[in-house]
Amino acid sequence: MRPIKDTPLTRDGKVLVLAYDHGLEHGPVDFGAVPESADPDHVFEIAKHPAVTSLAVQKGIAEGYYPSYADDVTLLAKLNGTSNLWMGEPNSAVNCSVEYAAEIGADAVGFTLYGGANNEVGMAEEFREIQEAARAQGLPVVMWSYPRGQGVKNDKKPKTIAYAARQGLELGADVSKVKYPGSTAAMKDVVDMAGGMKVIMSGGSKRTDEAFLSDVKGAIDAGAAGLAVGRNVFQRENPEQLLDALEQIIFEEAPLDTALSQLD
Amino acid sequence: MRPIKDTPLTRDGKVLVLAYDHGLEHGPVDFGAVPESADPDHVFEIAKHPAVTSLAVQKGIAEGYYPSYADDVTLLAKLNGTSNLWMGEPNSAVNCSVEYAAEIGADAVGFTLYGGANNEVGMAEEFREIQEAARAQGLPVVMWSYPRGQGVKNDKKPKTIAYAARQGLELGADVSKVKYPGSTAAMKDVVDMAGGMKVIMSGGSKRTDEAFLSDVKGAIDAGAAGLAVGRNVFQRENPEQLLDALEQIIFEEAPLDTALSQLD
Amino acid sequence: MRPIKDTPLTRDGKVLVLAYDHGLEHGPVDFGAVPESADPDHVFEIAKHPAVTSLAVQKGIAEGYYPSYADDVTLLAKLNGTSNLWMGEPNSAVNCSVEYAAEIGADAVGFTLYGGANNEVGMAEEFREIQEAARAQGLPVVMWSYPRGQGVKNDKKPKTIAYAARQGLELGADVSKVKYPGSTAAMKDVVDMAGGMKVIMSGGSKRTDEAFLSDVKGAIDAGAAGLAVGRNVFQRENPEQLLDALEQIIFEEAPLDTALSQLD
Amino acid sequence: MRPIKDTPLTRDGKVLVLAYDHGLEHGPVDFGAVPESADPDHVFEIAKHPAVTSLAVQKGIAEGYYPSYADDVTLLAKLNGTSNLWMGEPNSAVNCSVEYAAEIGADAVGFTLYGGANNEVGMAEEFREIQEAARAQGLPVVMWSYPRGQGVKNDKKPKTIAYAARQGLELGADVSKVKYPGSTAAMKDVVDMAGGMKVIMSGGSKRTDEAFLSDVKGAIDAGAAGLAVGRNVFQRENPEQLLDALEQIIFEEAPLDTALSQLD
Amino acid sequence: MRPIKDTPLTRDGKVLVLAYDHGLEHGPVDFGAVPESADPDHVFEIAKHPAVTSLAVQKGIAEGYYPSYADDVTLLAKLNGTSNLWMGEPNSAVNCSVEYAAEIGADAVGFTLYGGANNEVGMAEEFREIQEAARAQGLPVVMWSYPRGQGVKNDKKPKTIAYAARQGLELGADVSKVKYPGSTAAMKDVVDMAGGMKVIMSGGSKRTDEAFLSDVKGAIDAGAAGLAVGRNVFQRENPEQLLDALEQIIFEEAPLDTALSQLD
């Protein structure tokens, strides 16, 4: 953990990552609801919204599209990821080096760690290399901290999520992205475990606006620094409206009703 | 994905790879129909046909024969491949480094990824190294994107092929070679998943001219950039005729009948 | 083993490591008794106590907090560690390189070796690299020498603990941290096996003050150089008192009663 | 494959390798028939025979004995090999680096590939590194191409041997050493698969002079470049006589009777 | 194998290694008979005896004690070794690099190879790296050549021991340490397999003076260059006497009776 307030990853100390690595992680199915969401240009345009502090994509999309959006979008290069064609034990290929991410203009890097997986030790060692290389490049590091695998019976248990946040702190992440544990009180325990490191909530699968925004509000009230969101934004026809609502909650610290009033 | 229109890999934005790595991948059996096809000189001569934008071979054939054809043939060095003497889980040895490929004159490099295989993570990490080394050498990268293995029940399912194309895009290929999903409509979904990356259809095993050319026409109509073909060319007595027909379909965007009229 | 009396790791040849890597190794559960102990600042403050010769933390906590305490605390960077979300064979990820530890100001490095584990060979080879890199950086090396795994039926057997200390000596540690074998006589055998290398006792889980201090006294009487303590300090409301008592036993070589009189 | 006619590995385009790595691969048993054959000096003396174009030995024998024979013997450093004390899946340790082989005076390097073995991918990747390092040192590369293991039911099947020769060509060997498939016609198919790469026949276990020389003659008639022979030479009292006979067949292209007339 | 007569490893072409890595390999149990033998100083003092041509120890003992004995003792740094806390397949961790061994003053290096073990290939490849690094540093290499594991039913069979010696020769050791095969005749076969490489006999577990010295005499009569001895020296009260006796047998080529007369 290093201070990141002077990096492009935050705005007023808050973080809203638009995540768009679903094409690799989940495949075409995630683009079924809104077919144009398969087109990276469509999502880069959404990422210009002022509430979005960075866009997380894999290497190929970064090198193919980011050059056209470099002035308007902050690039969070997601360095690992794997298809779900494979159904084995959780693991994630390192698809991009830190040095190459820096070369194509990344402002920050992201890495998934599956705590509790059979490959946890190997993934943690890959994280070490990436974190230290990112320090050398001056790039902040976001950990997708997702306990998973044989050793993890329930990855939504508040203690497990709190442990995940702590792993991020101890291993040297600047921001950790964790699942929402279901309540503000539980999220507060998670944030407490993170010390001075920022915690952001993972958006998860698409649900109703009210359910989703209520969780985000709960996380912010608990002290979370923000949110990483993907499907709840790009699987809808009017993503800007939802980003307006998120801006109210995250950056304006507005009540839920004010946020909901941004929507049709 | 990087723009490749200024590279020798394309002609008018189209791609026709003559693939000739069957001696390694399948062994002598593929040369049974036309014995002289075992002789690399025979296939290098075919590759002089103007419709062929590059010839894909393994390292040993490249270093032994390419010097005599450097003025007439574009070399696509296939960097991995494995014999089928071994019947285990899908995997592919990296037989040539990018640096050595560049040293022997390669204009582009090719790599097979078996998405869904037990070795997917390892193969993707090998692809990372090769893709970044190819960027450093200024060589375009073609991915043979072939889901296969325990996690893949049916590698001809359109969704699986679309996923394969998306893997190519997200991981940083410039061109992805995928199986034909059986119809223009299905191929269009595949092309849509590939964003701005070029998709080419894999020729597959030898079949009737009409069946084969009809598939190629379907792929082109769906927006594919072209084709990689091996056995349908070198397992016939008159490969030039078929290349004439492919030229009509791919580069002239001619109807199927015009292409078929090139044949005896 | 190298002479370490001139390094910041010792005071008058004695060692008292305050260990604080429980957030990674055990998770939130270890902070339940005293919630503020989850806050690294809380523990860095404790580490200012003059009896503490160094504070052992993982990389992320070192880089986030040590800059504020560099004048008052000696940093022992613990280089490996793993969550207990995973229940497999004992192993430990290398989370920090020696070079990076030196860069962020570490005065010494620590490494866990699980003798007898299926991964013993791999861990010993990681230790080799770390030990030699630490020599190059001039940093003393502390081994957490903990036999564990399939080959170790009882990790509290005196012969096993003596073997653990010997492993530290033979492999090149400057200090080895081992479990207390239960008596002064048994600890003397452990110290005898360590040759000129310093042995320190591991504090272990929280127990009564008298039980804990009696063991420490037994270790010191046996020739141990000191103690590494975590939970017995930070899982109590008045850690300074216990550190006062430990100072009496370790540095003043006072009798147990004098030490106990430091407590309420 | 590179042109090798200007290298010391050939004489008039022909190749006769005297192979002497049996002490490692098979152990003392191969020296039982002629005890002095255990002494490397004995075999280096044989290798002075003008029919021998190179002597293949492991690193230790090369560095210990080659300095005394550097003017009279061409050194083919065999870079991998394993004892048969171990009965597991076929594999072969890389016992010598190309750089060290060059340093001790090697004129060429040799490498065994077990196509079809579970370790085929790993061995092929080791071959890549060795082949490219050998190119950098200007040393020709001989592949011992021996399909073996779970995937290979019968390693003497002509198609399998032809496949082995093709692997040598595609992977970049300059010469491939394969088993004799049993007839001139079958060997011709093997040679056809090898394109412009030289194929040599493996001598195999000791048999009658007529049986052995008849096979060699069959191979030469099929277009093979020569032979690698070990036991059929050093397991006899008068190795020079057999080398005289081989010289007739390989270099003089004499009929079998002429060759047999060289023998007692 | 390189000529080593000009290195500090030999005296008049003979070798007597005092081996002292039992604390790592066997643990405290080997020091039970003579407790002071656990103290490295005790054994370094013994190593000053003129019959001892080198002392073999692990890294930690070398760096901790050798500086005080550099004028009187020749240091043979044993580079690998593993505790017997672990009961798995034979393997041995590389605990010290050649470069570091040279830095702390080693005159030679030692390495254990378990021929026939499941890890034989990996260990042989580690030996390659160490042997070549040792050549670069000008340090002779001693192989502890001990067939062991699933593939080795009886590691005392003369043919197996002869194979072990041959492995040392072929892989590039300068001296190989093997078990005694039980008779002078069998040992002669072992020495014959080693070509010009020196073979030394392993002392093994403690036994009567006459039994032990009789074996040593048998080995010397067979042409062995000497002995590596540990327990038969340090597990006795008067090690100098036994070294006097060994000096007679090894360096003076005296009869057994003369050697026995050195003892009480």
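Here the structure is a predicted model, which is why all the values come from computation and not from measurement. Residue numbers begin at 1 in each chain, while the letters A, B, ... track the order of the sequences.
Of the two parts of A:E36, neither the backbone nor the side chain holds a non-hydrogen atom closer than 4.5 Å to a non-hydrogen atom of chain B. There is no contact between A:L79 and chain B, counting heavy-atom distances below 4.5 Å. When heavy atoms are compared at a cutoff of 4.5 Å, A:P40 approaches chain B solely by way of its side chain, counted from C-beta outward.
For the atom pair CD1 of A:I61 and CG of B:L169, the computed distance is 4.5 Å after rounding to the nearest 0.5 Å. Atoms CD and SG, on B:Q131 and A:C96 in that order, are 8.0 Å from each other to the nearest 0.5 Å. Separating the CD atom in B:E120 from the CG atom in A:N84 is a distance of 9.0 Å, to the nearest 0.5 Å. Between the OG atom of A:S97 and the CZ atom of B:R128 there is a distance of 7.0 Å, given to the nearest 0.5 Å. From B:N118, atom CG reaches atom CG of A:N91 across 11.5 Å, with rounding to the nearest 0.5 Å.
Residues A:N95 and B:F127 form no side-chain contact, since every pair of their non-hydrogen atoms from C-beta on lies 4.5 Å or further apart. Residues A:H22 and B:R166 fail the side-chain proximity criterion, which asks for heavy atoms closer than 4.5 Å. Taking the side chain as every heavy atom from C-beta outward, B:E170 and A:K59 never approach each other to under 4.5 Å. Side-chain contact between B:Y163 and A:V29: absent, with no pair of heavy atoms (C-beta onward) separated by less than 4.5 Å.
For A:K156, the NZ atom sits in a loose shell: 12 or fewer heavy atoms of surrounding residues, nucleotides or ligands are nearer than 6.0 Å.
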Given B:M1 and A:Y65, is the side chain to side chain contact (heavy atoms under 4.5 Å, CB included) satisfied, shown in steps?
CA-CA 9 Å; B:M1 172 194 116; A:Y65 294 85; 4.1 Å; yes
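Heavy atoms only, all atoms of each residue included: A:V94 and B:E125 are closest at N-OE2, 2.8 Å. Between B:G172 and A:E63, the closest heavy-atom pair is O-OE2, 3.4 Å.
Contacts with chain A (heavy atom to heavy atom, under 4.5 Å) involve these residues of residues 105-117 of chain B, listed by number: B:G115, B:G116, B:A117. Residues from residues 192-207 of chain B that place a non-hydrogen atom less than 4.5 Å from a non-hydrogen atom of chain A comprise B:D192, B:M193, B:G195, B:G196, given in numerical order.
Checked for salt-bridge contact, A:E103 and B:R135 miss the test: no charged N lies under 4.0 Å from a carboxylate O.
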